[in-house]
J.: 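Can you keep this structure in mind? I'll have questions shortly.
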Amino acid sequence: MKQQLEQLLLAALRGLPAGTLPEPPDPAAISVERTRDPKHGDFATNVALRLAKPARRNPRELAQAILAALPPNELVARTEVAGAGFINFFLTADAYSQELARVHALGDRYGRSDLGKGQRVMLEFVSANPTGPLHVGHGRQAAYGATLANLLNAVGYSVSREYYINDAGRQMDILAVSTWLRYLEQGGEKLPFPANGYRGDYVFPIAAQLRTKVGAEFHRPATAVLANLPEDAPAGDKEIYIDALIERARELIGTDGFRRVLEVALERMLADIREDLEQFGVSFDRWYSERALGDSGAIDRALERLKTQGRLYEKDGATWFRATQFGDEKDRVVVRENGVKTYFASDIAYHLEKRERSFERLIDVLGADHHGYVARVRAGLEAMGEPGDSLEVNLVQFVSLFRGGEKVPMGKREAQFVTLRELRDEVGNDACRFFYLMRSHDQPLDFDLELAKSRTNENPVYYIQYAHARVSSVMKMLDARGFEFDREEGLANAALLGGEHEQAVLNSLARYPEALELAATNRAPHALVHYLRELANTFHTYYNAEQFIVADPKLRNARLALVEAVQQVIRNGLTLLGVSSPESM
RNA sequence: GCGCCCGUAGCUCAGCUGGAUAGAGCACCGGCCUUCUAAGCCGGUGGUCGUGGGUUCGAGUCCCGCCGGGCGCGCCA
């Protein structure tokens, strides 16, 4: 509807007498908006206000001229010039009847568009280090990323979802040594656990699995493990201590043995993360390993590319990238003094590699604490000759859990208490996805566990689902009363849907494609949540005001066609959000 | 200190990229079940949009200063 109106308006502007406008109209600058007040019609535009100045005309006068040039059409019943120079459009009842028919004809596809024109988008999200289970913050990123992928897909982008596995760095060595120490404990050794190790309970089953795999092969006495190690925190440095411990492990069980421990831990963690996300309804097209990236030589190639462009220099034994030349606040190390490439080096290599796989747009969903690093990755891309604006980063703010008004403590140490899995188990997937998505991602989220769990009217999840279930209930009752629903007859009599509430429902329905487009282009799933709430609200109001199952078959079928369309649109929307659409509640 | 995000009803938040009288939910008060699910509907109470300037026909929205909150500023990942 909106698009059709914009086309009409553009035609009108082009049809104005020569010399009215200083320059030909820019299609992108023409916007038609839904009105807030029905008195102002269905849609309104401010073009006359915007063009009044350059055209050196009175806005209302210009608005009249534009209306005079509006091509004849079946969409607009009448128009008016209002206020300072707004043009209001009142649509025909037929325009809404046609939209209703479109919902039924398109079904699951209603609302979809080709706005993205098939542009290839790489959406990277979650990408949590496989050193522990996902926590509630990752859950928000998962829900956001998965829904954003659905939204972009729905408006015509070709989206690829990717999880980047940081399986190459020192943190993996720390996980491996933590696993090995628990394994030794389970083998009867008494050892202190390092301050900087992974202390979570999830390490115990990994250690147990290691034992079923290798038996006592990697068992070493505690005395050998602990001999001549530096002091751990608090007296000593926990970083130095853990590095020495890793080195000791390699000495005692061999580099190869250590790698095998690491493999067991990595595989187990990845399997856990994967299963967690799958159960949450979040899937990826590819799990991309940082190690595989390094093995493929991609990192070396990226560094080579920077070098030939003259963007690298040596200082203090390390290799630096001139990020400051590309807007970053300081230069960045890519190869450390000890010869190890930094995480940043593999990260820009990964982003370059995405571009080489011919993705036009790269979207990263990251935790808010990663914002400092957007500028440097973009700098890296630009230095390698890629457009900086091909990378878009959406930062997801933190999640705070509340239980009965009390904030649940979630320091880095205690974070393991509140995993995504625990949250899902407690409140259920639907409430979980819904609560994650109902607030803007760039707003910190207060997640109220009691509210999410409550089966009362305080819980907003049910409000939308209930509207869906109510329609199913109506259809069941129809059957029980011995009626049959004749959709064709209903659509043919859509003109009977002239009541105030019916108009409101038709209006809400027709807004779905616009809501979808808005949510996708603004990367704002919460906009869809708000739309669905409004749609459910107009439906519930209608439900309370009118009987659908009436004696007159024409009116009955028309009303049923209307509420069935509501159900369809709610289902389409909830599906994009990853929330189920129950038939009964 | 520098950078990013933010400040809207008692609470939690929307506000469609600058439009017409600032909106929801919860909470609170009052109504609606012999009628398709009351997890619902209707009405009411509640606002100097943190603050001071600026830009213009028009600012919650854009720019600058200040106040307050969150996060980030490693040869860690």
Side-chain angles (χ1 to χ4, degrees), chain A residues 31 33-37 39-40 44-46 49-50 52-53 59 82-86 88 129 131 166 168-172 174 239 290 315-320 329-330 332-340 342-344 346-347 367-375 395 397-398 400 402 405 438-440 442-446 448 451 454-463 465-467 469-478 480-481 511 514-515 517-519 521-522 524 526-527 529-531 533-534 536-537 539-550 559-560 563 584-585:
Chain A
S31 74
E33 291 184 335
R34 284 279 172 181
T35 57
R36 197 173 292 170
D37 187 339
K39 287 192 205 106
H40 299 137
T45 181
N46 60 358
L49 286 161
R50 297 175 75 106
K53 200 168 208 180
F86 292 100
N88 294 336
N129 288 346
T131 53
N166 292 122
R170 191 174 77 115
Q171 81 284 354
M172 287 311 303
I174 297 177
E239 305 288 349
E290 183 185 1
K315 193 182 103 186
D316 304 331
T319 307
W320 296 69
E329 52 189 24
K330 54 181 82 166
R332 306 290 173 180
V333 172
V334 286
V335 184
R336 286 193 273 159
E337 191 179 5
N338 63 9
V340 176
T342 61
Y343 175 79
F344 172 61
S346 60
D347 216 55
D369 53 336
H370 283 67
H371 70 250
Y373 118 157
V374 177
L395 299 170
Q397 295 290 328
F398 288 164
S400 302
F402 284 80
M438 70 181 185
R439 302 299 180 213
S440 172
D442 56 17
Q443 197 81 241
L445 176 68
D446 289 341
D448 188 330
L451 183 60
S454 75
R455 309 199 143 258
T456 70
N457 61 345
E458 291 168 43
N459 193 332
V461 189
Y462 300 116
Y463 189 82
Q465 291 183 320
Y466 185 45
R470 264 186 158 173
V471 176
S472 291
S473 174
V474 169
M475 292 302 180
K476 272 177 224 151
M477 186 54 70
L478 183 78
R481 291 189 190 171
R511 278 171 41 221
E514 296 155 35
E517 183 181 321
L518 191 73
T521 53
N522 286 354
H526 77 279
V529 173
H530 283 270
Y531 164 79
R533 219 214 145 272
E534 277 177 40
N537 176 247
F539 168 78
H540 285 309
T541 300
Y542 179 36
Y543 180 96
N544 274 273
E546 305 282 358
Q547 283 286 307
F548 308 148
I549 305 174
V550 292
R559 286 181 172 172
L560 291 172
V563 299
S584 67
M585 291 172 69

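Order of the sequence lines fixes the chain letters, A, B, ..., with proteins taken first and strands second; residue numbering starts at 1 for each chain. Computed over heavy atoms, backbone and side chain alike; hydrogens, waters and symmetry mates excluded.
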J.: Is there a side-chain polar atom (N or O) of A/Lys330 under 4.0 Å from OP1 or OP2 of B/G74?
T.: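 Answer yes for this pair, as a side-chain N or O of A/Lys330 is under 4.0 Å from OP1 or OP2.
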J.: To the nearest angstrom, how far is A/Leu478 atom CG from B/U35 atom P?
T.: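 My rounded result for the distance is 18 Å.
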J.: Could you pull out all residues at least two apart from A/Tyr542 that satisfy ring pair (Phe, Tyr, Trp, His ring centres under 6.0 Å)?
T.: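 Partners of A/Tyr542 by the ring pair (Phe, Tyr, Trp, His ring centres under 6.0 Å) criterion, ordered by chain and then number, come out as A/Phe548.
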J.: Base, sugar-phosphate alone, or nothing: which one does A/Ala318 contact when heavy atoms must sit under 4.0 Å apart?
T.: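 Here A/Ala318 touches the bases of the nucleic acid.
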J.: When the distance from NE2 of A/His370 to C1' of B/C73 is rounded to whole Å, what number comes out?
T.: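 In whole Å, B/C73 C1' lies 14 Å from A/His370 NE2.
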J.: Has A/His371 got its ring stacked on the base of B/G72, with centres under 5.5 Å and planes less than 30° apart?
T.: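 Whether judged by distance or by angle, A/His371 falls short somewhere, so it does not stack on the base of B/G72.
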J.: Any luck finding a side-chain donor-acceptor pair between A/Gln171 and A/Thr131 under 3.5 Å?
T.: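 Side-chain D/A pair, A/Gln171 to A/Thr131: absent.
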J.: In the 5'-to-3' direction, what one-character label does each nucleotide of nucleotides 6-18 of chain B receive under the scheme B = base within less than 4.0 Å of a protein heavy atom, S = sugar-phosphate only, - = no such atom?
T.: S-----BSSSSB-
J.: At less than 3.5 Å, do the side-chain atoms of A/Asn88 and the base atoms of B/A20 form a donor-acceptor pair?
T.: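 By the distance-only test, yes, there is a pair.
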J.: Listing time: all N or O pairs from protein to nucleotides 41-47 of chain B that are below 3.5 Å?
T.:
from  : atom 1 : to       : atom 2 : distance (Å)
B/C41 : OP1    : A/Tyr463 : OH     : 2.3
B/C41 : OP1    : A/Asn537 : ND2    : 3.3
B/C41 : O4'    : A/Asn544 : ND2    : 2.9
B/C41 : O3'    : A/Thr541 : OG1    : 3.2
B/C42 : OP1    : A/Thr541 : OG1    : 3.0

J.: Over how many whole Å does the gap from A/Gln397 atom CD to B/C71 atom C1' extend?
T.: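 Those two atoms, CD and C1', are 7 Å apart.
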J.: Taking only the side-chain heavy atoms of A/Tyr343 (C-beta and beyond), determine which of B/A77, B/A20, B/A38 contains the nearest atom.
T.: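 The nucleotide sitting nearest to the side chain is B/A77.
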J.: Suppose we screen for side-chain hydrogen bond (donor to acceptor under 3.5 Å, both in side chains). Which residues come up paired with A/Glu514, at least two apart in sequence or across chains?
T.: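 A/Glu514: side-chain hydrogen bond (donor to acceptor under 3.5 Å, both in side chains) contacts with A/Arg34.
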J.: Whole-Å distance between B/G74 C1' and A/Lys315 NZ?
T.: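 Taking NZ of A/Lys315 and C1' of B/G74, I get 13 Å after rounding.
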J.: When Watson-Crick pairs (N1 to N3 and N6-O4 or O6-N4) and G-U wobble pairs (N1-O2 and O6-N3) count only below 3.5 Å on both distances, what is the dot-bracket string of RNA chain B, with | for other-strand pairs?
T.: (((((((..((((.....[...)))).(((((.......))))).....(((((..]....))))))))))))....
J.: If you compare all heavy atoms of A/Glu290 against all heavy atoms of A/Gly169, which two are closest, and at what distance to 0.1 Å?
T.: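 Shortest heavy-atom separation between A/Glu290 and A/Gly169 comes out as OE1-N, 4.5 Å.
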J.: Using the aromatic ring of A/Phe86 (for Trp, its six-membered ring), decide whether it stacks on the base of B/A20 within the limits of 5.5 Å and 30°.
T.: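 Yes; centroid distance and tilt both under limits.
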J.: Take the protein atom CZ of A/Phe398 and the nucleotide atom C1' of B/G69, then report the distance between them rounded to whole Å.
T.: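 To the nearest whole Å, that distance equals 14 Å.
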J.: Could I get the full list of side-chain contact (heavy atoms from CB on, under 4.5 Å) partners for A/Asn522, not counting sequence neighbours?
T.: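 Only A/Leu518, A/Ala524 meet the side-chain contact (heavy atoms from CB on, under 4.5 Å) criterion with A/Asn522.
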J.: Using a 4.0 Å heavy-atom cut-off across all strands, classify A/Ala469 as base, sugar-phosphate, or nothing.
T.: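 The residue A/Ala469 makes base contact.
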J.: Could you tell me whether A/Glu337 contacts a base, only the sugar-phosphate backbone, or nothing, with contacts defined as non-hydrogen atoms closer than 4.0 Å?
T.: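 Base: the residue A/Glu337, judged by heavy atoms under 4.0 Å, touches a nucleobase.
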J.: Classify the angle between the aromatic ring planes of A/Tyr543 and A/Phe539 as parallel (below 30°), tilted (30 to 60°) or perpendicular (above 60°).
T.: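 Ring orientation, 0 to 90° scale: tilted.
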